[in-house]
> 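Have a look at this one.
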Amino acid sequence: MENIKTDAPQRYTNSAAAEITVPLQGLLRTVYYNRLPLPPPRLSRCAALQPSPAGSLGVSDAVDGQWPWQASIQYLGTHFCGGSLISSQWVLSAAHCFEPLLPIVNTEVHLGAYRLSQDNPQSVLMKIHSVYNHPKYSSEGHEYDIALVKLSSPVTYTNYIQPICLPSASVTFPCGMECWVTGWGNIYRVMAVALEPPENLTQLLQMIFK
């Protein structure tokens, strides 16, 4: 993220896993790449990708706690974009989610969530301190569509809330590589279909394309 100057803390990397946040069909989706088997997650650093239940094809419900870095960004209690926790006080999201910038006082980050329409004792709502869109982002295209969201205070890590392992700058993602797409956005088949209550976190295995 060139030219973005913040007081962001050190980000840990792991060459065996990588993650980016991209707009997909007009909705924010968080994409996770599973390249190599990873060791068990260490709460002091970052979380490893957990294997999906065998036999799950197409869009399916995730398991509670399977994607502990997944964030739901909400305005007045309504989900409008996703993101990934990258440290105790920073969430990676998309710039188009914050243009025009919504009043931060009414915007929160829901971490540890699974069913959006039901209370979850494992989840927390975090206030937002500030948002930094990439300086080269333009709403006319999808290039540089990335944003850093600073939480008002650090979140406490649990088994349901952990940061994603970020890739090093040298990691590449070739066409045809499989990745996981997760989120609470509309599901596209013939047409867009909104998630029905209880609005479980969903996942989809998909190939990278350019």
Side-chain angles (χ1 to χ4, degrees), residues 1-14 19-23 27-32 41-47 62 64-137 139 144-167 182-185 198-201:
M1 285 175 277
E2 58 186 35
N3 298 327
I4 294 183
K5 296 181 180 180
T6 71
D7 57 342
Q10 178 183 2
R11 296 176 299 171
Y12 298 97
T13 62
N14 188 322
E19 172 275 350
I20 60 173
T21 305
V22 297
L27 296 172
L28 180 70
R29 295 290 184 160
T30 305
V31 181
Y32 309 96
R42 291 176 291 181
L43 297 183
S44 62
R45 299 197 65 185
C46 60
D64 192 8
Q66 185 177 358
W67 309 96
W69 46 82
Q70 178 74 55
S72 168
I73 303 176
Q74 303 181 357
Y75 179 69
L76 295 175
T78 299
H79 171 86
F80 70 90
C81 266
S84 296
L85 185 69
I86 60 174
S87 78
S88 63
Q89 203 168 354
W90 290 89
V91 171
L92 181 69
S93 188
H96 75 262
C97 295
F98 302 97
E99 191 176 78
L101 185 64
L102 297 171
I104 291 180
V105 66
N106 295 322
T107 307
E108 296 177 308
V109 177
H110 199 178
L111 296 169
Y114 177 61
R115 294 187 172 101
L116 290 185
S117 58
Q118 292 184 0
D119 292 335
N120 184 349
Q122 310 293 347
S123 65
V124 295
L125 282 171
M126 304 295 293
K127 298 291 185 181
I128 293 177
H129 176 274
S130 50
V131 176
Y132 301 89
N133 279 357
H134 195 291
K136 291 186 178 181
Y137 170 72
S139 58
Y144 306 105
D145 189 7
I146 192 168
L148 283 172
V149 180
K150 184 177 182 180
L151 305 179
S152 60
S153 61
V155 68
T156 300
Y157 294 155
T158 69
N159 288 332
Y160 295 85
I161 302 174
Q162 298 177 35
I164 180 69
C165 296
L166 295 181
T182 69
W184 290 278
E199 298 178 280
N200 291 349
L201 178 64

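Only a predicted model underlies this, so the values are computations on that prediction, with no experimental measurement involved.
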> If every non-hydrogen atom of Gly183 is compared with every non-hydrogen atom of Gln70, which pair is closest and at what distance?
N-OE1, 4.2 Å
> Using atom types as modelled and distance alone, determine if a side-chain donor or acceptor of Trp184 lies under 3.5 Å from a backbone N or O of Tyr114.
yes
> Go through the steps for Lys127 and Glu108 under the test side-chain contact (heavy atoms from CB on, under 4.5 Å), then give the verdict.
CA-CA 5 Å; Lys127 298 291 185 181; Glu108 296 177 308; 3.1 Å; yes
> Quick check: do Val155 and Val109 have side-chain heavy atoms less than 4.5 Å from each other?
no
> Check for a donor-acceptor pair, side chain of Asp145 on one end and backbone N or O of His96 on the other, with a separation under 3.5 Å.
yes
> Give a yes or no answer on whether the side chain of Ser93 reaches the backbone of Gly82 with a donor-acceptor pair at less than 3.5 Å.
yes
> Start with the C-alpha distance between Asp64 and Asn120, add both sets of side-chain angles, then the distance that settles side-chain contact (heavy atoms from CB on, under 4.5 Å), and finish with yes or no.
CA-CA 10 Å; Asp64 192 8; Asn120 184 349; 4.1 Å; yes
> Take the angle between the ring planes of Phe80 and Phe98 and call it parallel below 30°, perpendicular above 60°, tilted in between.
perpendicular
> Treating Gln89 as the side-chain partner and Lys150 as the backbone partner, does any N or O pair qualify as donor plus acceptor under 3.5 Å?
no
> Closest approach of Ile104 and Ile128, non-hydrogen atoms and distance?
CG2-O, 3.0 Å
> Is Asn133 reaching over with its side chain to a backbone N or O of Ala147, donor-acceptor style, under 3.5 angstrom?
no
> Given 3.5 Å as the limit, does a donor-acceptor pair link the side chain of Tyr157 with the main chain of Ser88, or not?
yes
> Determine whether a donor-acceptor pair (N or O, by modelled atom type, separation under 3.5 Å) exists between the side chain of Ser117 and the backbone of Pro198.
yes
